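Numbering of residues begins at 1 and proceeds along the displayed sequence. Since the structure is predicted, the reported quantities are computational estimates derived from the model, not experimental observations.
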Amino acid sequence: MSQEYFPKIGTIKYEGPKTKNRLAFRHYNPDELVGKKKMKDHLRFSMAYWHAMKNTLSDPFGGGTRLRPWDDGSNSIENATRVADAGFEFMQKIGMDFYCFHDRDVAPELGNLKASNDALDAVADHLKKLQKQTGIKLLWGTACLFAHPRYMQGAATSPNADVYAYAAAQVKKAMDVTHRLGGLGYTFWGGREGYATLLNTDMKREVDNLAHFLHMAVEYKKAIGFKGQFYIEPKPREPSTHQYDSDSAACLNFLREYGLLDHFKLNIETNHATLALHRVEHELNVAANAGALGSIDANTGDELIGWDTDQFPTNVYMTTQMMLQLLRMGGFKTGGLNFDAKVRRESYEPVDLFHAHIGGMDAFARGLKIAHAIIQDGVLDGIVKERYSTFGSGIGQTITSKKATFASLEKHALGLPDDLLPASGRQEMLENIINDYMD
Ligand code: XLS
Ligand code: NI
Ligand code: NI
């Protein structure tokens, strides 16, 4: 890393909320303790290679706008190496300890699988060197099974067996490389694993094939001794009209049905939750309740636009809700907060990458501190406990301990008044309490 790619930008430091410097953290202070852990160990920020390094900022109405002088867009190892250097410089300057990639983000796809594999190996050698030099780790790797035209009808759910085989080979190689780079995880986002119309789709066969694909991945993981965590990333639509891994609950059901639950956790993305018509805290809670909350793709959607706009998260109310879920489940084990987010097409300069990530990191730092304070004070926990207190004794206790029957409950109910009411839910009061913590 001899050449500097962001020469005008130094290391981003914590300067506190009053600083006038826009290239500084106001809230994220990596070594500051929140409870027993440092902020950086709670948050485990990660750079998404495909957005930060490779997204050209095109949209359906126009081509890319980005200025990235280090990326000449060529399919060469040389270019890939330079982009990696720029990426590691960026991560070092902003103070990010992790990154995530698809095979095709870091290395070019060439004329045939063997050539693409060789290119990936060559770039992986370089990434390994950069990891060693900087201490930055691979949070998870994955394979891009959705961009190439061969995957237009799915990969592990393709109607074509050769495409299925190609996808398996690509995942096998991406797992090898992830393993070689000491990756802490491997993600399966079902890019085009879904369908547009049932008129041409054998859904049962496709889902069976997907499950078999994942079983083969589990077997291969054992064979190569890869100890990283597998994740599935739910998303309900886009690009497919119906995606099989539509939300947390659907993923968990799929994993259970096919005996895969021991081997996978979920990687929850905020904008995907929104597309599934859930709040992200709902998705996190569903996953955590099943012991399957593994990692987070941090971004946000635009409420006025119905697709995955992958914006940087800046809403502290939302990051607070997310951190409440994360802290309650005891924090990340193998996962982290991966900024699966891109700068807007209008924000085309390299410095915008810094503004965007600084904003996201500060928003999560604030969310972390606020959520920690809420939990410390026990305000919500006390109210929730009280709300369910009737299950702690008497007839409620028989339900909790699973001793109740319809007959025993009927006997109890016959003695109850008809104007029986639960206590007020107090939603507005609780929202007011949360607002008290927001400043
Ligand atoms: C797309 C997904 C994708 C995954 C990785 O919507 O979020 O970026 O995170 O394949
Ligand atoms: Ni994602
Ligand atoms: Ni996404």
Side-chain angles (χ1 to χ4, degrees), residues 4-17 19 21-32 38-57 65-68 70-71 83-101 105 130 134-140 269-271 295-302 309-316 318-319 322-323 332 335-369:
E4 241 191 314
Y5 296 95
F6 302 90
K8 295 203 197 92
I9 302 167
T11 306
I12 307 300
K13 298 198 188 72
Y14 170 74
E15 294 183 8
T19 184
N21 179 5
R22 293 310 329 167
L23 290 173
F25 293 117
R26 285 162 171 68
H27 304 279
Y28 180 56
N29 187 10
D31 291 319
E32 183 183 321
K38 290 180 179 174
M39 269 196 195
K40 66 173 181 189
D41 298 326
H42 277 290
L43 297 167
R44 293 163 66 85
F45 289 126
S46 155
M47 181 190 83
Y49 210 98
W50 53 100
H51 281 319
M53 287 300 118
K54 293 307 289 181
N55 201 307
T56 61
L57 310 184
T65 57
R66 67 172 193 165
L67 286 182
R68 302 287 185 262
W70 54 85
D71 186 350
V83 172
D85 288 345
F88 275 74
E89 182 188 326
F90 171 74
M91 288 187 273
Q92 274 198 301
K93 285 190 166 168
I94 201 147
M96 244 187 270
D97 295 334
F98 300 95
Y99 72 118
C100 297
F101 64 68
D105 306 329
L130 292 173
T134 59
I136 291 168
K137 295 191 181 75
L138 178 60
L139 188 70
W140 49 260
E269 178 165 323
T270 314
N271 205 161
S295 201
I296 294 178
D297 269 8
N299 64 12
T300 196
D302 186 316
T309 59
D310 284 343
Q311 289 171 231
F312 277 84
T314 53
N315 181 335
V316 179
M318 181 187 84
T319 58
M322 294 174 74
M323 293 316 293
F332 289 123
L337 282 165
N338 173 49
F339 284 112
D340 194 351
K342 63 183 180 219
V343 289
R344 297 303 84 197
R345 190 166 182 271
E346 297 87 335
S347 312
Y348 60 92
E349 293 182 341
V351 69
D352 291 308
L353 282 176
F354 282 88
H355 291 306
H357 285 84
I358 288 171
M361 290 160 85
D362 267 346
F364 272 100
R366 286 181 74 186
L368 166 65
K369 284 196 272 190

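Between M361 atom CE and N29 atom CG the span is 11.5 Å, to the nearest 0.5 Å. Once rounded to the nearest 0.5 Å, the distance linking CG of L337 with CG of L43 reads 6.0 Å.
Taking the salt bridge (Lys or Arg N to Asp or Glu O under 4.0 Å) definition, one finds that K93 meets it with E4, E89, sequence neighbours left out. Taking S46 as the reference, N338 meet the side chain to side chain donor-acceptor pair (under 3.5 Å) condition, with sequence neighbours excluded. Under the rule for a side-chain contact (heavy atoms from CB on, under 4.5 Å), the partners of D302 that lie at least two apart in sequence or sit in another chain are L304, I305, T309, Q311. Partners of K137 by salt bridge (Lys or Arg N to Asp or Glu O under 4.0 Å), not counting sequence neighbours: none found. Evaluation of the side-chain contact (heavy atoms from CB on, under 4.5 Å) rule for D352 yields V343, S347, E349, H355 as partners, not counting sequence neighbours. Scanning for side chain to side chain donor-acceptor pair (under 3.5 Å) contacts around N55 gives H51, with sequence neighbours left out. Every residue two or more places apart in sequence or in another chain was checked for a ring pair (Phe, Tyr, Trp, His ring centres under 6.0 Å) with Y49, and none qualifies. Every residue two or more places apart in sequence or in another chain that forms a side-chain contact (heavy atoms from CB on, under 4.5 Å) with N21 is listed here: E15, T19, L23, A24. In this view, Y99 and F88, F101 satisfy the ring pair (Phe, Tyr, Trp, His ring centres under 6.0 Å) rule, not counting sequence neighbours. In this view, W50 and D340 satisfy the side chain to side chain donor-acceptor pair (under 3.5 Å) rule, not counting sequence neighbours. Here F45 pairs with Y28, F339 under the ring pair (Phe, Tyr, Trp, His ring centres under 6.0 Å) rule; sequence neighbours left out. With sequence neighbours left out, the salt bridge (Lys or Arg N to Asp or Glu O under 4.0 Å) criterion links R66 to D71.
Residues R366 and R26 fail the side-chain proximity criterion, which asks for heavy atoms closer than 4.5 Å. Here the side chains of R68 and L353 are in contact, with some heavy-atom distance below 4.5 Å.
In this structure a side-chain-to-backbone donor-acceptor pair under 3.5 Å is present from T319 to A363. Distance alone, capped at 3.5 Å, places no donor-acceptor pair between the T270 side chain and the A298 backbone. At least one donor-acceptor pair closer than 3.5 Å links the side chain of T65 to the backbone N or O of R345.
Annotation for F6: atom CZ counts as buried by contact number, over 12 foreign heavy atoms lying within 6.0 Å.
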Open item on the list: For I136 and Q92: C-alpha separation, side-chain torsions, deciding distance, then whether side chain to side chain contact (heavy atoms under 4.5 Å, CB included) applies.
Closed with: CA-CA 8 Å; I136 291 168; Q92 274 198 301; 4.1 Å; yes

Task: Step-by-step side chain to side chain contact (heavy atoms under 4.5 Å, CB included) determination, F332 to I296 - done: CA-CA 9 Å; F332 289 123; I296 294 178; 4.0 Å; yes

Open item on the list: The test is side chain to side chain contact (heavy atoms under 4.5 Å, CB included); show your working for T134 and M91 and say whether it passes.
Closed with: CA-CA 9 Å; T134 59; M91 288 187 273; over 6 Å; no

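Taking every heavy atom of both residues into account, P313 and F364 meet most closely at CG-CE1, 3.6 Å. Residues L368 and M323 approach most closely at N-CG, 3.5 Å, considering heavy atoms. The shortest heavy-atom contact between C100 and L139 is SG-CB, 3.7 Å. Of all the heavy atoms in L57 and R344, the pair that sits closest is CD1-O, 3.8 Å. Across all their heavy atoms, F25 and I12 have their closest contact at CE1-CG2, 3.6 Å. H27 and D362 get closest at one heavy-atom pair: N-OD1, 2.9 Å.
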